[in-house]
Every structure is written in C-alpha cells, then in structure tokens.
J.: 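Structure incoming, see below.
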Amino acid sequence: MRVSRRRFLGIAGGTVALGAAIPYLAQSAETGTEVASQTPLPTPFTRPLPVPPVLKPGSHPDFPDADYYEVTESVARQEILPGRSTEIWGYNGIFPGPTIVSRSGRRTVIKRTNALPAPTVTHLHGGQTPPESDGFPTDLVSPSSSRIYEYPLRQRPATLWYHDHTMGSTAPNNYRGLMGFHLIEDDENLPVPRGDRDIPLMITDRSFAADGELLYPGMSHDSMAGVLGDVILVNGAPWPVLSVAAARYRFRLLNASNARRYDLALDPVSPLVQIGSDGGLLAEPLSHDNIEVAPAERFDVVVDFSHYQPGQEVTLVNRLGEGPTAQVMRLRVGQPLTDTTSIPARLSTIDSLGPATVTRDFLFRYHDVWTINDKEFDPDTPLASPRLGDTEIWRFVSDFHHSIHIHLAQFQVLSRNGEEPGPYDAGWKDTVDLRPTELVSVIARFTGYRGRYVMHCHNLEHEDMMMMGTIQVV
Ligand code: C2O
Ligand code: CU
Ligand code: CU
C-alpha cells in the first residue's frame, strides 16, 4: 500500500493524540512513496558486488599527529544500470565514496573540496566531533572552495558513515550519491572475520528515468512522506552478487536509503549473528533470523556460509519489499576453507549510563510540515540545551515511521512502549527506529564538546521538510 496524496493529507490534517491508534498510520508498513522507474529494470544478480576503495592516509605539516586526506566532491558519470551511464554526485566522483579507515583515538583531518555546482556540507554520522567540523546544515562550503574537517575520533571502534547534510537539500544530495563509509578500528584481537571477509554493505534504493538518469521527484506532496526507489543497490550496484567461501563473513550493514526501511533475512534462512550496532561491538552476540533496519542504522553481522552446500545460491531478501524491492543481493556459496574465525561469547563491555538528571519529551509528527514538538527546524533556537557531561533521558513519540538520530551523543534504548527494548535496539545507538504511534525512551550522555549540533529524522525527506532540531550543548 502506498501513501497516496489524498490519504496522506487526510491523516496529516487530523489530530494526533499521543499513544492513541491512528488507523492509517498504525497499519502502514510503507515509509514513503515509491517512484516507478521509466526504464526496464536491470536483471538481478548479474553484477559483482563492488567494494568501495579504501583511501590511503597522507600527512600534512599543519596536522602532525593526524591522518590527513583530501576528498573532492564532484559530478561524475557511473555505470549503475548495465551498459548505461548515470550522472552522480560523488566524493572523489564515486558512489559510494571512498571508505576511510581510522584508528580509534587517532585524529583524522579531511580537506573537503566542493567541485559541485551547489553549496554542500559533510557530516560524519556517529562521530563525536567538535561542532565546527560536525557538518551543521548551514555550515556550507561554496562551490570551488574547501573546508578542513577535524575528527579527533576519541570513541569506540564502530561503523560510521559520512554524507551530505546541506540545509534543505540533504535528500536530493544523498540520492545523487554523496555518501561513504568511515570505519573506526583498533587492535581488539577478536577472532571474527576480517580482511576480505569483512565487507561493508551500503543498501540504497533508487529509481531511473528513461534516459538512465536518477529519477528524483523533488519536493512535493508526492515526496513528503519519503522517496522510495524501485531498484535496490548495494554499494552502488543493482541487486549484485558476491561469491563467498563456505565460511564465516562479517557484513557491516548500513541502510543509507532516503526513506526505505528493510527487513533483511537470508533465503534459505540462516542466522544473521549481530555483533555490532551503530556504536560498535555489542556486549555479546545476538542471533536474528531477520533484522529490521531503518534509515541510517548499522548492524554488524556474521554469517556462516558453511551452513550451506557448496554451489548453493542464497538471497539476501527484504521482507518489507514487494516484487523487485523484495530482493537485495545474492550470495553464491563456494568451497569450504579452513575457517579459524569464531564469534566469542563476550565481545565488549557496554557501560550502563545513569542516573539521568533531566528527562525531555519529543513529539515527531506532521503538522503542516514535519515537526518536532510542533516546531520547524530553527538553527538559532535550540530545542534542547543539555549540559556537557550530563546524562539525560529522551522520550520520543511518533505519528509515522521516523528514524531518529542525535548528533554527538551515542545512546542506549531503555524501553519501547513502556516495555523492554526491541530486538534491534541493543548496544550503543545513534539512530533509533520509531514506528507509528510508538514511544521510545533512550538514555544519552552528552560528552565531548560544547556547541551547536542537531537531532533529526533520518528519513531525509522529513529532515529536509523541517523535522530537525538544534541541540545546544552548554
Ligand atoms: Cu546521518 Cu544528521 O545525519
Ligand atoms: Cu549524525
Ligand atoms: Cu521522519
């Protein structure tokens, strides 16, 4: 079922009572409006899975203790549909952008040059970053100029990602391809798979025009619920295929879609053993048959392909999709190898936070535009001003699907609708999936830096249509 304009406006005009069932929203599985491609869809499972290149760090005399990188945002053409070329906006001209790998606690400095025809700003999602380098939506870099972003990365090893965060244009800019992985690592000597059996998977959905270009509807009533594509891309390739040995692999799953939620599972089924979340390793592994992933969430999972026969074809499916969007990618299982990896019963220590000194409530709902506490984004007026070092409980209530992200502070989910956290809420999070009429409580500690940050919905159309708030750490 899709959100038709009439239905959407119908619910939007109504009053949302907290906790009350809203008939349309409560049953909605869709998180946006699917845009139909105007060109035949590519045949699934023909393209090999691309893995974005890892950038080599350099050095710079002004930053003697840092890994130094230069990245240029540019317009480029890329083969996404077989035999055709599509214009993208990419970091170093590629989508996904290059992967950056940093050591935990090692300062990383990135000079970002904007060679695009529009101003942009880049955010490191999940980073504990000083405000000047966090990518506040109005800290724009004009075309043909550069900005230095400094990342101290005094934080746990984790799967972070970077992406465009331009005021009012984050959704189209991300759709064009401005996103990449930034992994933080250290020397933890866990026996989990590494090297070429540790693979980041960036899942996005896109639609294509008759000429093979990306099809994005622009801001309208048809896009306000969120833009969904009908082609599923992994690392920029439509429904790719990966040949694997009959052994364990670690996949760092990232839902980088503008608005689509996925319910991922393997077919034939085999466990997705979660070892990490947005903020790095869990305390202990968690076995799932399927994982629901909202926009911007990350799940590190280990899959043991020795559960399958050599020669078997395994599909990563999306149980929330229909037709083409019900499939994500294919894994072709090869021969076994001597697998020295394992998943230890203890992975890391997760400190518990608390007690909290302040509790705040945030209502995410449609009210002429997408709002938080009935307010539109205002860069100059904070929605909350937590004190540096304070621990706070934030309670989120929603009218629709919203994927709530807080900059700077990693958090832990305390409860969902007054009960235990859900199966996908474990560990340190920076983004939490709110479904229609849910109430989710999280506990966060605001450490690191004073200054101006944001929290927002990571359905990028909601974010651009004002569902964002300024957080001033004082
Ligand atoms: Cu991933 Cu404020 O964003
Ligand atoms: Cu962020
Ligand atoms: Cu939202």
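One-based numbering, in listed order, for ligands and for the atoms of each.
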J.: Give the atom name of whichever N/O/S atom in His407 sits closest to atom 2 (Cu) of ligand 1.
T.: NE2

J.: Using a strict cut-off of less than 4.0 Å between a Lys/Arg side-chain nitrogen and an Asp/Glu carboxylate oxygen, indicate whether Arg261 and Asp433 qualify as a salt bridge.
T.: yes

J.: I'd like to know: is the Cu ion (ligand 3) within the 2.8 Å range of an N/O/S atom from His458, strictly under that distance?
T.: no

J.: Do other residues, nucleotides or ligands put more than 12 heavy atoms under 6.0 Å from Arg194 CZ?
T.: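 Above 12, so yes.
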
J.: Report the name of the N/O/S atom of His462 located nearest to the Cu ion (ligand 3).
T.: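 So the atom name we want here is ND1.
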
J.: Which angle, to the nearest 10 degrees, do you find at atom 1 (Cu) of ligand 1 between NE2 in His458 and ND1 in His125?
T.: 100°

J.: Answer yes or no as to whether an N/O/S atom of His401 is found below 2.8 Å from the Cu ion (ligand 3).
T.: no

J.: Flag His165 as yes if one of its N/O/S atoms falls below 2.8 Å of atom 2 (Cu) of ligand 1, otherwise no.
T.: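 Checking atom 2 (Cu) of ligand 1 against His165, an N, O or S atom does fall under 2.8 Å.
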
J.: What is the SG(Cys457)-the Cu ion (ligand 3)-ND1(His402) angle, to the nearest 10 degrees?
T.: 130°

J.: Would you call Arg107 and Asp67 a salt bridge, using N to O less than 4.0 angstrom?
T.: no

J.: Check whether any N, O or S atom of His123 sits under 2.8 Å from atom 1 (Cu) of ligand 1.
T.: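 Checking atom 1 (Cu) of ligand 1 against His123, no N, O or S atom falls under 2.8 Å.
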
J.: Looking at Arg298 and Asp430, does any basic side-chain N land under 4.0 Å from a carboxylate oxygen?
T.: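 Salt bridge between Arg298 and Asp430, a charged N being under 4.0 Å from a carboxylate O: yes.
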
J.: Can you confirm whether more than 12 heavy atoms, excluding those of Arg395, are under 6.0 Å from its CZ atom?
T.: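 For Arg395, atom CZ is not crowded (no more than 12 foreign heavy atoms under 6.0 Å).
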
J.: In terms of the angle between their ring planes, are Phe400 and His462 parallel, tilted or perpendicular, with boundaries placed at 30° and 60°?
T.: tilted

